[in-house]
Amino acid sequence: MVTIDLAVTPVREANETMRAAAARGEDIEIANPDARHHIGVGLIAPVRVKVKGSAGYFCAGLSHGADFEVDSNVGWGVGDSMYAGSVVVGGNAGAIAGVALRGGEVVVKGNIGSRAGQVMKSGTLLCCGNASFLAGYMMYGGRLIILGDSGERVGEDMSGGEVFVGGKVANLGADAKFADITDQDLDEINAFLQKYDIVFTGNFKKIVSAGTKLHYGATEPITRPQPHTVFSAEGVYWNPKVTEDIAVKSQIGRYRIRGYGAAKAVPHFTDIALKLDPNRIGAGDPLKSVNLAMVLGNRFGAKPLNLSMPVLIAPMSYGALSKSTKIALGRASRLSGIVENTGEGGMLPEERAEAAQLIFQCLSGRLGWNIHDMLRADALEIYISQGAKPGLGGQLMAKKVTKELAAIRGIPAGIDLRSPSRHPDILGADDLVIKVEELREATGYTKPISIKMGAGRVRDDIKIAYKDGFDFVQLDGLQGSTGAASTEVLENVGIPTLAAIQEALDGLNDIGHKGDMPIVLMGGIKDGVDAVKALALGASAVAMGTAALIAGGCISCMQCHVGNCVTGIATQDPEHEARYKLDRQALAIHRFLEAVRWQIAALTAALGHSDFRQLSRDDLVALTPEAAAITGLPYDPDYRGVAGEFHTKVA
Amino acid sequence: MCGIAGIFFKGANSNQVLGKALVDMLDGCQHRGPDSTGFALYKEGIDGLRLRFLVEPEDEQAPRRIRAALAAQGARIERETREGVSFVFDVAFEGEIRPFAYAMEHAAKLVSMGTSLDIIKDVGSSHDLDSIYHVGEVHGSHGIGHVRLATESDVKPESAHPFWATGFADIAIVHNGQITNYWKMRRRLEARGFEFRTDNDSELIAVYLADKMAHGTPLETALEESVDDLDGTFSFLVSTKNGIGYAKDRLAAKPMVMYEDEQLVAIASEEVSLNRLFPGRPLATTEPAPGTHRTWSR
Ligand SMILES: Cc1cc2nc3c(=O)[nH]c(=O)nc-3n(C[C@H](O)[C@H](O)[C@H](O)COP(=O)(O)O)c2cc1C
């Protein structure tokens, strides 16, 4: 047995020692824990860990197979995302005990704090005392047993799993109902209690999902497709888009949902010109004369991502997209020497195999989030929001929630899936810093950690990202696309991509750290020209979502959310997916990325630079007063004279 | 965006090493707020009324302005010291506190006023403040403290917490969370003649509570009403000349843990801070329930 004294050993070192001991199969004892955070995080070996006192946040979080015993209390998130194994807590547990439990057993002898078992998927959480507010909030599966009284709103918005309460139920949460308890339920509970030597003689009430709230009533009528190119065209007030919208709402009586990004005109990269001599474009071989390679993610000594050019594939989920599309994106990213991103909902093994470098996203529902894929990833990303729908969680219509997809996400198949709008354990910058640390501890400080955020209060949020220790930021403007969101939010919530990057730069400048944290900008970046403008404005790199999809065969019909994508991209229906020619589309995406590479290199060279990092605001002018006001670039309408992509001063 | 801590010693004439306890507790949760730190300490031995002003280093005229303003208000200076970025004046003053406080605000940034309250706050960590202001050596009966991660406002000494209930002696607050009906509440108070020195929602809570108490509402009741009146997320600690209290929102979004025995009550955002008071000892702590409040006083 190994004894680690936390009065003298920092937690980071202690976790390393624990991993080493566990690898040797040695049991572990932690002395003087004094409620320190992250004890035993990421431990994936079947050993016993005895914590002789209280533990802080995320004790046993992201572990698999270890058995923890904590003498006294634990802080927030005991057993976070645990796969298997057990935690027995002698005292009380703070908020979100057993959060996102994917298996295993968490037993708390005392009381548990609010939102216990939030987004848990499997396994058992037992509380021998009383539970606070919102127990079982948004749980997808598993079993929550409370021997004492439950607080208010038990089972709020649960979509699967079972809650058993032995004491008083203060009241039921929205969309929860009482159900008859079966003999089998009781036998299983008794067996569980016996296993942990717990005696209980009272009667249980059983609470399950009522299943009424998380479904859409009337479905949208089928309308003639108006591709995004038509749909987003400007013009008269009562255009076909507006009239169709009114007609549909008059039938369904609710908001509408669609894919793609905002369709209204806002100041964008087209309103900015490069101060460029067109005669210089394409002279020589710009791919040879300009350096485009960069590394990303080494602010804190993690192993960084290596990019052959400052372009990333935007995070898009397996779920919104078909497996074949994810594989194609992964392959294209490898062929072009850049980075792919899992998006919400877990890592596909096939995607992992294809992408040479893959970022793994952690979202509020913790769908598919687990320690093994974290270790397989090249970087980890905490998703706070995206430009298309800041403040909303993910949505996936039942039709897309297939068995395979449900298994990866750890949820029941065939539910209208919504993930919460907030992370269970990130309610402020103060919690976020502890979460980031948990991910670093779990992966031994080897992975870069980024944050994805939609453009809301960017100037404040970027400061939080900097101070909470992210390696880089993925910043997404209003124009950013989605697989599914309500049109009201798509069109109206958030600020344009141009404003987002400007605010981000201003925010970092406010705290004296301009240039100290890379910003990857996305949201309506169509090609290498937009990319160069973004880089010159101050972005460190760009990411492309929609452009990559269109390169791979998307026809912009905006029906991504329905699940019947005719091109086989945004669907989980095998018949539709069969239409997708993976090998061909992977190469098509790769060719598009290479065109982007050439554009970035050629324009950088034509501006007189040999490295894309030499691009600066001096290379830009604003063509409209609005773009000038947003970016602070000089307004010079003279550059408007020349049509097409490249602009020059009309002398 | 922060961490909070508070301690109350129960004995009738408790004069414990208050500063050291709070320095340790805040050091324990400094990760929640690395930018600035602050303490509201209640102690005996202040001559008359203590005023603490924050002064920019380059503002050489400030002491003269403060002295002139004090004289104009009929306050007699008993003692004057300079500490870090602050000037401390102990004065003899007999008149009404609120107009006096508002008048003094025009001379320099007044961050605390009281017959036993002293608010010490600055940019930096708990240990940084201890070495500049010798917080650890302060003996007293109770106090609260705060660590801050700045987002909206700058990293400046004056935007550090705790906040004094501007215009009311000896009342201070530390708060973790965000009050979403801030402007509505502030306009109501402004309409009744209150002045605010910052746009910080913590100052609002302090003035809101102090106003109720000034009208004879006991702190206990004021806290109960605050849970209904304030929207948003909050876990806050309030301190008065005689004691401390807490209130917690109904959403239980912000953490708070408590330890109590015969000698003391300690409350903090995280148990790790409480354990700093009792290293190596598992504590029987409790988590206040959502929407609750409580007070301790002598
Ligand atoms: C089908 C689809 C699925 C998406 N899924 C995610 C996701 O899981 N996580 C995420 O952070 N962003 C997601 N996004 C948003 C993109 O990452 C990105 O912010 C956006 O597409 C960028 O704008 P662009 O499409 O104009 O390049 C998704 C976008 C699309 C089109």
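In what follows, every heavy atom counts, from backbone to side chain, and hydrogens, waters and symmetry copies are set aside. Source: prediction; values computed, not measured. Per chain, numbering begins at 1; letters A, B, ... match sequence-line order.
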Option in B:L251, B:T233, B:N176 with maximal non-hydrogen atom pairs under 4.5 Å from chain A: B:L251
By a 4.5 Å heavy-atom criterion (distance strictly below it), what part of B:R250 contacts chain A: side chain, backbone, both, or neither? backbone
Regarding B:S125 and B:Q30, do their side chains bring together a donor and an acceptor under 3.5 Å, going by distance alone? no
Can you classify the ring geometry of B:H31 versus A:H37 as parallel (below 30°), tilted (30 to 60°) or perpendicular (above 60°)? perpendicular
B:Y259-B:F278 aromatic ring centre distance below 6.0 Å: yes
Should the ring pair B:H175 and B:F236 be called parallel, tilted or perpendicular, given that the plane angle runs from 0 to 90° and is split at 30 and 60? perpendicular
By a 4.5 Å heavy-atom criterion (distance strictly below it), what part of A:I434 contacts chain B: side chain, backbone, both, or neither? side chain
Honestly, the part of A:S132 sitting under 4.5 Å from a heavy atom of chain B is side chain
Does B:G177 offer a backbone N or O that forms a donor-acceptor pair with the side chain of B:K254 under 3.5 Å? no
Given A:N73, A:I511, A:D468, A:N111, the one with more heavy-atom pairs under 4.5 angstrom with chain B than any other is A:N73
Out of A:A35, A:G53, A:A7, which one racks up the most heavy-atom pairs below 4.5 Å with chain B? A:A35
Establish, from distance only, whether the side-chain atoms of A:S54 and A:S72 form a donor-acceptor pair under 3.5 Å. yes
Kindly indicate, with the supporting measurements, whether the criterion salt bridge (Lys or Arg N to Asp or Glu O under 4.0 Å) is fulfilled by B:E158 and B:R197. CA-CA 10 Å; B:E158 65 263 30; B:R197 293 300 149 200; over 6 Å; no
Contact origin within A:A429 toward chain B - heavy atom pairs under 4.5 Å: both
Among A:R36, A:R115, A:R457, residue most engaged with chain B (heavy-atom pairs, under 4.5 Å): A:R457
Of the listed A:N32, A:D34, A:D510, the one with the largest count of heavy-atom pairs under 4.5 Å with chain B is A:D34
Under a 4.5 Å cutoff for heavy-atom pairs, which residue among B:A253, B:P34, B:G28 has the most contacts with chain A? B:A253
B:L274 versus chain A, the contacting section by heavy-atom distance below 4.5 Å: neither
Is chain A contacted by the side chain of B:P279, its backbone, both, or neither, given a heavy-atom distance below 4.5 Å? both
Which answer fits B:E270, side chain, backbone, both or neither, if we ask what part of it has an atom under 4.5 Å from a heavy atom of chain A? side chain
Is B:A289 close to chain A through its backbone or its side chain, or both, or neither, when contacts mean heavy atoms under 4.5 Å? neither
Any chance you could measure B:I267, atom CD1, to B:I244, atom CD1, to the nearest 0.5 Å? 4.5 Å
Between B:N181 and B:L230 (side chain of the first, backbone of the second, donor and acceptor by atom type, cut-off under 3.5 Å), is there such a pair? no
